[in-house]
Amino acid sequence: ETTQRRSSGKLGNKQAKQQASPLLLAVTPGHHPPSSSPVVLPEPPLRRAATTFRRGQWAAAMEGKEEDVRLGANKYSERQPIGTAAQGSEDKDYKEPPPAPLFEPGELKSWSFYRAGIAEFMATFLFLYVTILTVMGYSGAASKCATVGIQGIAWSFGGMIFALVYCTAGISGGHINPAVTFGLFLARKLSLTRAVFYIIMQCLGAICGAGVVKGFQQGLYMGNGGGANVVAPGYTKGSGLGAEIIGTFVLVYTVFSATDAKRNARDSHVPILAPLPIGFAVFLVHLATIPITGTGINPARSLGAAIIYNREHAWSDHWIFWVGPFIGAALAAVYHQVVIRAIPFKTKS
């Protein structure tokens with residue numbers, strides 16, 4: 001039996017050698033493969049597994065890249081219909097929100113309605129508090145070179161709008177400005193009920209914000225104009241009105257463009273893209289018009305400072321800071337809705 005096992009073992013070894021791989025034969029002493037048949041060295045198992053793994057990683061990465069492209073800006077075709085045809089195309093890659101009703105009594109029974117109003121109140125309160133304090137620090141300094149300067153004031157207004165719009169956009173829309181609310185109402189983005197409620201809460205928040213600043217530094221506040229908007233010496237009331245109209249037009253037009261449904265569909269993966277240009281528009285307008293009117297472009301901001309400061313020269317030009325922003329907001333709404341978005345003047349047959 002032992003002899004039989006040895007014989008079978010030798011036979012098995014011989015068969016194994018005959019069926020050995022070319023790699024084994026190539027390294028066996030005394031074996032010389034024919035020159036006509038090249039030796040093919042197989043890939044070791046570990047290297048083969050590593051290669052397969054790397055290929056899988058590469059395929060997964062490429063699949064992710066393709067997914068990013070499909071979800072990103074390249075998903076949307078740049079070849080869009082223009083003019084009135086744009087309103088009739090059925091293959092839009094975005095949804096246009098339906099126009100808000102003029103009156104919506106049902107809103108008065110909803111908690112979200114009052115929550116939005118509270119958000120507008122708090123946002124305008126914080127806006128006035130920070131910005132008026134910045135103005136007081138600039139106006140009350142003995143040396144203007146030791147303060148933030150006009151650029152710092154502009155950054156204060158623009159930065160606060162950026163932060164507050166980011167915080168409240170999902171609750172109330174982040175208006176923080178009666179002119180913005182008025183422009184969006186004209187474009188039928190919100191009902192008259194909500195627009196009036198927002199404007200009231202914005203004005204109350206502005207009054208409270210300016211009042212807190214006066215309570216902290218009453219002497220400094222009353223001795224340096226209280227942050228109230230007035231037409232600067234050397235400028236006419238017409239110049240001040242024009243500055244407010246154009247400045248508010250820039251702001252409200254930016255609001256319409258940044259919150260456009262088509263742009264939101266493309267840039268929804270970047271949540272700060274709407275507040276950033278709005279805040280930057282406020283910053284730039286302040287740089288341009290602080291020397292003229294102190295930059296209103298926000299009737300609530302002008303009203304809050306005027307009520308708390310309560311001096312005659314603050315009220316003499318106050319109408320400019322309501323009429324100018326409302327005209328600018330109306331012009332921006334008409335331009336965006338009629339020209340840019342091409343509202344059709346005739347229905348399709």
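Keep in mind that this is a model prediction, so the values were computed, not measured.
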Taking the side chain as everything from C-beta on, heavy atoms only, tell me whether Asp317 gets closer than 4.5 Å to Ile320.
yes
For Ser112, the side-chain contact (heavy atoms from CB on, under 4.5 Å) test, sequence neighbours excluded, returns Ser110, Arg115
A side-chain contact here means heavy atoms from C-beta on lying under 4.5 Å apart; do Tyr335 and Phe256 qualify?
no
Would you indicate whether the side-chain heavy atoms of Pro325 and Asn298 approach each other to under 4.5 Å?
no
Taking the side chain as every heavy atom from C-beta outward, state whether Tyr138 and Ile150 have any atom pair closer than 4.5 Å.
yes
How long is the span from the CD atom in Gln151 to the CD1 atom in Ile290, to the nearest 0.5 Å?
8.5 Å
Only one of Val165, Ile278, Leu128 passes side-chain contact (heavy atoms from CB on, under 4.5 Å) with Ile176, and that residue is Val165
Walk me through it: do Asn177 and Leu251 pass the test side chain to side chain contact (heavy atoms under 4.5 Å, CB included)?
CA-CA 10 Å; Asn177 187 335; Leu251 170 60; 3.5 Å; yes
With a 4.5 Å cut-off on side-chain heavy atoms, are Met160 and Leu126 touching?
yes
Please set out all donor-acceptor pairs under 3.5 angstrom arising from side-chain atoms of residues 203-217, sequence neighbours excluded.
| unit_1 | atom_1 | unit_2 | atom_2 | d |
| --- | --- | --- | --- | --- |
| Lys214 | NZ | Ile308 | O | 3.4 |

Taking a hydrophobic cluster as the set of Ile, Leu, Val, Met, Phe, Trp and Tyr residues connected by side-chain heavy atoms closer than 4.5 Å, whether directly or through intermediates, do Trp155 and Met136 fall within one such cluster?
no
List in chain and number order the residues that pass ring pair (Phe, Tyr, Trp, His ring centres under 6.0 Å) with Tyr221, two or more places apart in sequence or in another chain; answer none if no residue qualifies.
none
Pairs meeting criterion side-chain hydrogen bond (donor to acceptor under 3.5 Å, both in side chains) with involvement of residues 321-332, two or more places apart
His318-Trp322
Provide the full list of salt bridge (Lys or Arg N to Asp or Glu O under 4.0 Å) pairs with a residue in residues 200-210, sequence neighbours left out, each pair given once.
none
Phe125 meets the ring pair (Phe, Tyr, Trp, His ring centres under 6.0 Å) criterion, sequence neighbours left out, with none
Roughly how far, to the nearest 0.5 Å, is the CG atom of Leu241 from the CH2 atom of Trp319?
5.0 Å
Given side chains that start at C-beta, do those of His336 and Asp260 come closer than 4.5 Å, heavy atoms only?
yes
I want to check something: taking the side chain as every heavy atom from C-beta on, are Val250 and Leu284 in contact at a cut-off of under 4.5 Å?
no
What are the two closest non-hydrogen atoms of Gly296 and Phe321, and how far apart are they?
CA-CD2, 4.1 Å
Just verifying a value: how many Å separate Met122 CE and Thr168 OG1, rounded to the nearest 0.5 Å?
11.0 Å
Is the closest side-chain heavy-atom distance between Phe162 and Phe280 below 4.5 Å?
no
Could you check whether any side-chain N or O of Gln202 sits under 3.5 Å from a backbone N or O of Thr124, counting only pairs where one atom can act as donor and the other as acceptor?
no
Same apolar cluster: Phe283 and Ile161, side chain cutoff 4.5 Å:
no
Nearest heavy atoms of Ala119 and Ile171, plus distance in Å
CB-CG2, 3.9 Å
Geometric class of the Phe157/Phe127 ring pair [parallel <30°, tilted 30-60°, perpendicular >60°]:
perpendicular
Applied to residues 222-243, the ring pair (Phe, Tyr, Trp, His ring centres under 6.0 Å) test, sequence neighbours excluded, yields none
Closest non-hydrogen atoms of Thr236 and Val231, given as atom of the first, atom of the second and distance, are O-CG1, 3.6 Å
Can you pull the side-chain hydrogen bond (donor to acceptor under 3.5 Å, both in side chains) pairs that have at least one residue in residues 240-253, sequence neighbours excluded?
Glu244-Thr293
Give a yes or no on whether Phe113 and Met201 share a hydrophobic cluster (residues Ile, Leu, Val, Met, Phe, Trp, Tyr; joining criterion: side-chain heavy atoms under 4.5 Å apart).
yes
Smallest separation among heavy atoms of Gly247 and Ile297, with atom names:
C-CG2, 3.8 Å
Salt bridge (Lys or Arg N to Asp or Glu O under 4.0 Å) partners of residues 294-314, not counting sequence neighbours, each pair once
none
List the atom pairs, with distances to 0.1 Å, where a side-chain N or O of residues 189-199 and a protein N or O form a donor-acceptor pair under 3.5 Å, not counting sequence neighbours.
| unit_1 | atom_1 | unit_2 | atom_2 | d |
| --- | --- | --- | --- | --- |
| Ser191 | OG | Glu107 | OE1 | 2.9 |
| Ser191 | OG | Arg194 | N | 3.3 |
| Arg194 | NE | Glu107 | OE2 | 3.1 |
| Arg194 | NH1 | Tyr198 | OH | 3.0 |
| Arg194 | NH2 | Glu107 | OE2 | 3.3 |
| Tyr198 | OH | Ser172 | O | 3.0 |

From Ile307 atom CD1 to Asn310 atom CG, the distance as rounded to the nearest 0.5 Å
8.5 Å
When rounded to the nearest 0.5 angstrom, what distance separates OG1 in Thr254 from CG in Leu276?
11.0 Å
Connected hydrophobic set around Val230, excluding itself, where side chains approach under 4.5 Å:
none
How far apart are the closest heavy atoms of Asn224 and Leu220, and which atoms are they?
ND2-O, 2.8 Å
For Ile132 and Gly226, work out which heavy atoms get closest and say how close.
CG2-O, 4.2 Å
When you compare the side chains of Thr295 and Thr289, does any donor N or O come within less than 3.5 Å of an acceptor on the partner?
yes
Answer with yes or no whether the hydrophobic clustering places Val130 together with Leu287; edges join I, L, V, M, F, W, Y residues whose side-chain heavy atoms lie under 4.5 Å apart.
no
Any pair counted as side-chain hydrogen bond (donor to acceptor under 3.5 Å, both in side chains), so long as it reaches residues 203-212, sequence neighbours left out
none
